[in-house]
Amino acid sequence: MKKQVCVIGLGRFGAAVAQELYQSGHDVLAIDIEEAKIQDMLGHVTYAVRADASNESVLKELDVADFDVAVVALGSDNVQASILTTVLLKSIGVPFVIARAATELHGSTLERVGADRVVYPEMESARRTA
């Protein structure tokens with residue numbers, strides 16, 4: 001079933017998630033604050049927008065609340081923005097939020113503020129490699 005997914009943060013993890021979802025037939029809105037990352041995603045997602053997703057009015061203007069899923073893929077250097085964005089997504093009514101965590105403390109904080117699923121890409125990849 002085709003879903004509408006918003007991916008916030010287009011580093012290696014976020015860009016890969018967005019492209020994979022788009023190639024699987026989902027509508028994907030990709031958001032990042034860096035213009036170069038937005039340009040790289042053109043043609044690889046449904047929509048790519050340069051915006052600050054930690055701003056509630058931006059999320060509302062982009063109608064993110066109408067999406068089925070949001071993926072917060074902000075990097076480990078941006079823990080505060082990751083947590084704030086997760087809180088905002090849940091408060092505006094996004095039904096399912098997946099958030100990337102860098103550490104267990106970061107992950108438990110994301111769970112406490114409402115993330116429906118927390119992923120640890122670096123730890124999961126290391127376990128598979130080992």
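Please read all numbers here as calculations on a predicted model, not as lab measurements.
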Quick one: list whatever passes side-chain hydrogen bond (donor to acceptor under 3.5 Å, both in side chains) with [X], sequence neighbours left out.
| X | value |
| --- | --- |
| Asp40 | none |
| Gln80 | none |
| Thr109 | none |
| Ser82 | His106 |

Could you pull out all residues at least two apart from [X] that satisfy side chain to side chain contact (heavy atoms under 4.5 Å, CB included)?
| X | result |
| --- | --- |
| Tyr47 | Leu29 |
| Asp66 | Asp63 |
| Glu34 | Asp32, Lys37 |
| Arg128 | Glu124, Ser125 |

Quiz item: Are Leu59 and Leu62 grouped together when hydrophobic residues (ILVMFWY) are joined by side-chain heavy atoms under 4.5 angstrom apart?
Solution: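 Yes; Leu62 is reachable from Leu59 via cluster members.
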Quiz item: If you link I, L, V, M, F, W and Y whenever their side-chain heavy atoms are under 4.5 Å apart, who else ends up in the same group as Leu105?
Solution: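 Cluster partners of Leu105: none, it stands alone.
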Quiz item: Apart from Leu42 itself, which Ile, Leu, Val, Met, Phe, Trp or Tyr residues share its cluster (side-chain heavy atoms under 4.5 Å, direct or through members)?
Solution: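 Members other than Leu42 - counting any ILVMFWY side chain reachable under 4.5 Å - there are none.
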Quiz item: So, for Val64 and Val94, which heavy atoms are closest and what is the spacing to 0.1 Å?
Solution: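 So the minimum-distance heavy-atom pair works out to O-CG2, 3.6 Å.
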Show every donor-acceptor pair shorter than 3.5 Å between a side-chain atom in residues 114-123 and any protein atom, with sequence neighbours excluded, or say none if there are none.
| residue | atom | partner | partner atom | Å |
| --- | --- | --- | --- | --- |
| Asp116 | OD2 | Lys90 | NZ | 2.8 |
| Asp116 | OD2 | Val97 | N | 2.8 |
| Glu122 | OE2 | Arg100 | NH2 | 2.3 |

Only distances under 3.5 Å count here; give the side-chain donor-acceptor pairs of residues 16-27 to other protein atoms, sequence neighbours excluded, each with its distance to 0.1 Å.
| residue | atom | partner | partner atom | Å |
| --- | --- | --- | --- | --- |
| Ser24 | OG | Glu20 | O | 2.9 |
| His26 | ND1 | Lys3 | N | 2.9 |

Practice problem: Working to the nearest 0.5 Å, report the span between CG of Leu74 and OG1 of Thr86. | Solution: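 If we round to the nearest 0.5 Å, Leu74:CG and Thr86:OG1 are 8.0 Å apart.
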